[in-house]
Amino acid sequence: MEEYPTKQPTENLDDPPNSRLFVVTSRSITEDALRDAFSVFGDIQGVWVVKDKQTKESKGICYVKFSKSSQACLAMEEMHGKQLAEASKPVKVFIAQSRSSTRHRDVEDEELTRIFVMIPKSFSEEDLKDTFKEYGDIEYCVIIKNKFTGESKGLGYVRYYKPSQAAHAIENCDKTYRAILAEPRTKATSTEDYSGGSNRGEYMGSNDTMNQYAPPMGDPGNYQAMDFRSADFTRSLMVSTRAAVTQEQIFALFDIIPGMEYCELQRDSYGMSKGHALIRYSNLGSAVYAKEKLNGFEHPPGNRLVVNFVDDGEDRNSPVGRMAMQFVAAQMMSSVWNGPSNSQVMKPPGFSSVSTMSRVQTDVNLPPLKKLAPPDSKTKERLFVVFSPAQLPPDVLEDVFCRFGSLIEVHLVPGRKVGYMKYAEKQCADDALAALHGRVVNGVKMKPAATVMTLTPDPTDRPTSSPPPDL
DNA sequence: CGACGGGACGC
DNA sequence: CGACGGGACGC
């Protein structure tokens with residue numbers, strides 16, 4: 001009759017996301033008491049009371065895993081503050097931090113009540129509300145619009161009052177909405193007041209510009225003393241990656257440069273990498289230096305990281321920015337020679353040769369690199385490319401296919417040996433096709449072919465010359 | 001304040 | 001031979 005196994009594999013703890021509770025309670029509360037109290041809210045997959053290794057006594061902490069996030073959220077909402085037994089202290093109930101996360105602050109309702117959805121461009125905020133109100137009371141709906149034209153970008157936010165409502169929406173709404181929990185806004189400007197009612201005032205009370213929710217992850221070490229360190233010079237970087245990387249990998253890489261105060265890989269609702277990480281250093285120099293050295297760094301090999309400043313309109317090439325960077329560089333060099341002046345570990349092997357290696361080996365005589373066309377360029381031609389024996393990494397493909405000009409985007413079909421190269425000019429696509437058909441890059445044979453555009457193009461736009469070879 | 005076990009897959 | 005993703009908030 002083991003309906004509810006107490007154990008489950010570690011890899012299921014966060015699946016689905018936010019389906020596990022962190023419960024702080026009296027040390028006297030037993031697993032059975034917890035199970036009794038929480039099982040009415042859903043299917044419990046496991047209960048674990050954390051005990052002292054030696055004494056085997058409960059530490060007053062436990063985890064309760066549900067099969068669904070909505071069940072866990074409901075249990076949290078209903079049980080928080082309740083007494084599980086006579087004379088026991090009221091329980092505190094939170095959604096457990098995912099096991100892969102290194103953060104230590106509680107998961108707040110703020111992070112669990114807003115969803116992010118893809119909607120038809122024709123949707124008004126009223127339509128959005130009407131669609132999602134069946135899952136719970138909505139505090140507000142917002143559609144992301146073009147700032148100038150006011151046209152919808154087909155994306156929206158829905159804020160519910162309770163985490164269980166947001167979870168319910170994510171679990172049950174039509175898949176085409178692709179509902180996920182919204183990432184909290186990154187800049188804590190905090191004076192938002194959508195409701196007129198309950199004031200979400202967690203951010204109030206901090207009257208300086210230091211960031212309130214930065215876990216002190218890096219060790220600022222000796223560099224705090226430098227003149228460049230001040231809230232005014234605090235700078236953030238955005239790291240983009242196309243291949244999967246872990247939070248730990250990004251952390252380790254950017255922690256090489258002293259002064260990292262914040263590092264978070266942004267995740268989607270399934271806990272996978274979304275391809276972006278936010279890094280913040282305590283000072284401008286470290287941020288400038290990190291971008292200088294790590295932009296283009298391949299990690300893992302073949303996956304080029306792109307590092308940019310989070311755009312705030314500041315000029316990084318200002319004399320003070322360069323001085324700040326040189327200051328950090330000098331500190332790091334001296335630390336390499338003299339040994340670390342603090343607990344920080346410097347540089348991985350090959351650090352100095354960042355981004356100097358070519359990642360493309362081919363017999364094709366390639367033209368030089370060309371800039372990509374802007375992402376919003378209209379696609380005039382797509383090449384359908386078949387790879388053998390396997391796909392090439394997207395950054396390698398971008399490197400190769402951009403060289404004929406006007407490349408907008410590389411798109412690989414997941415799990416298949418094919419992909420698309422989008423071009424803003426037909427001639428460029430034709431040139432790439434002619435130069436690359438049947439050629440080998442990094443041991444992979446490529447067979448690009450022109451595709452039929454679904455949106456019928458202007459006939460005057462299609463020259464009759466140079467038909468695709470070999471087809 | 002209050003954060004992560006014990007035991008060991010299966011053809 | 002082969003075939004279709006994505007996605008972020010005026011401070």
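Reckoned from all heavy atoms, side chains included, excluding hydrogens, waters and symmetry mates. In the text below, chain A, chain B and the rest are named by the order of the sequence lines, each starting its count at 1.
- Between A:Glu409 and A:Ser388, the one whose closest nucleotide on DNA chain C sits nearer the 5' end is A:Ser388.
- For the pair A:Asp137 and A:Lys133, the salt-bridge criterion is not met [side-chain N within less than 4.0 Å of a carboxylate O].
- Distances shorter than 4.0 Å separate none of the side-chain N or O atoms of A:Lys56 from OP1 or OP2 on B:dG5.
- You'll find that the side chain of A:Leu13 is closest to B:dG5, out of C:dA3, B:dG5, B:dG2.
- Rounded to whole Å, atom C1' of C:dA8 lies 5 Å from atom CD1 of A:Ile144.
- Qualifying ring pair (Phe, Tyr, Trp, His ring centres under 6.0 Å) partners for A:Phe123, counting only residues two or more places apart in sequence or in other chains: none.
- Of the candidate nucleotides C:dC9, C:dG2, B:dG2, C:dC9 has the atom nearest to the side chain of A:Tyr157.
- Across the protein-nucleic acid pair, A:Met238 atom CE and C:dG7 atom P stand 14 Å apart, rounded to whole Å.
- You'll find that the side chain of A:Ile180 is closest to C:dA8, out of B:dC4, C:dA8, C:dG5.
- For A:Phe22, taking side-chain heavy atoms from C-beta onward, the closest of the listed nucleotides C:dG10, C:dG2, B:dA3 is B:dA3.
- Atom CG of A:Leu383 is separated from atom P of C:dC4 by 18 Å (rounded to the nearest Å).
- Look at A:Lys145 and A:Glu125 and you find a salt bridge, because one of the NZ, NE, NH1 or NH2 atoms lies within 4.0 Å of a carboxylate O, short of that distance.
- Between the CG atom of A:Leu21 and the P atom of B:dG2 there is a distance of 18 Å, given to the nearest Å.
- Residues that satisfy the side chain to side chain contact (heavy atoms under 4.5 Å, CB included) test with A:Thr30, not counting sequence neighbours, are A:Asp32, A:Ala33.
- Ring planes of A:Phe94 and A:His80: perpendicular class, angle over 60° (limits at 30 and 60°).
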- prompt: So what does the secondary structure string of DNA chain C come out as, 5' to 3', with Watson-Crick or wobble pairs under 3.5 angstrom, [ ] for crossing and | for pairs with another strand?
  reply: ...........

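- A straight line from CH2 of A:Trp48 to C1' of B:dG5 spans 5 Å, rounded to a whole angstrom.
- Each of A:Tyr157, A:Tyr177, A:Phe116 was evaluated against A:Phe132; a single residue qualifies, A:Tyr177, per the ring pair (Phe, Tyr, Trp, His ring centres under 6.0 Å) test.
- Computed from coordinates, the A:Lys153 NZ to C:dG7 C1' distance equals 11 Å when rounded to whole Å.
- Nearest nucleotide to the side chain of A:Phe94, out of B:dC4, B:dG2, C:dC9: B:dG2.
- Closest approach to the A:Lys422 side chain among C:dG6, C:dG5, C:dC9 is made by C:dG5 (side chain taken as heavy atoms from C-beta onward).
- You'll find a donor-acceptor pair under 3.5 Å spanning the side chain of A:Arg20 and the base of B:dC4, going by distance alone.
- Atom CZ of A:Phe384 is separated from atom P of C:dC4 by 9 Å (rounded to the nearest Å).
- Donor-acceptor pairing under 3.5 Å, judged by distance alone, is present between the side chain of A:Lys447 and the base of C:dG2.
- Side chain A:Arg159 to base C:dC9: no donor-acceptor pair is found below 3.5 Å.
- The A:Val418 side chain lies nearest to C:dA3 when the options are C:dA3, B:dA3, B:dG2.
- Counting any heavy atom pair closer than 4.0 Å across all strands shown, A:Val413 reaches sugar-phosphate atoms only and no base atom.
- Residue A:Leu155 places its side chain closer to C:dA8 than to any other of C:dG10, C:dA8, B:dG5.
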Full working for salt bridge (charged side-chain N to carboxylate O under 4.0 Å, His left out) between A:Arg105 and A:Glu111: CA-CA 12 Å; A:Arg105 80 184 150 84; A:Glu111 305 166 57; 2.9 Å; yes

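- Glycosidic conformation of B:dC9: syn, with the torsion inside 90° of 0.
- Salt bridge absent: A:Lys129 and A:Glu134 never bring a charged side-chain N and a carboxylate O closer than 4.0 Å.
- In this entry the distance linking CD1 of A:Ile95 with P of B:dA3 reads 18 Å, nearest Å.
- The residues A:Glu398 and A:Arg304 are annotated as salt-bridged, a charged nitrogen and a carboxylate oxygen being separated by less than 4.0 angstrom.
- Among the nucleotides B:dG2, C:dA3, C:dG2, the one closest to the side chain of A:Arg416 is C:dA3.
- In this structure, A:Lys417 reaches neither bases nor backbone, as no heavy-atom distance under 4.0 Å exists between it and the strands shown.
- Which of B:dG2, C:dG7, C:dC4 sits closest to the side chain of A:Phe116 comes down to C:dG7.
- Between A:Lys53 and A:Ala96, the residue anchored closer to the 5' end of DNA chain B is A:Ala96, taking for each the nucleotide with the nearest heavy atom.
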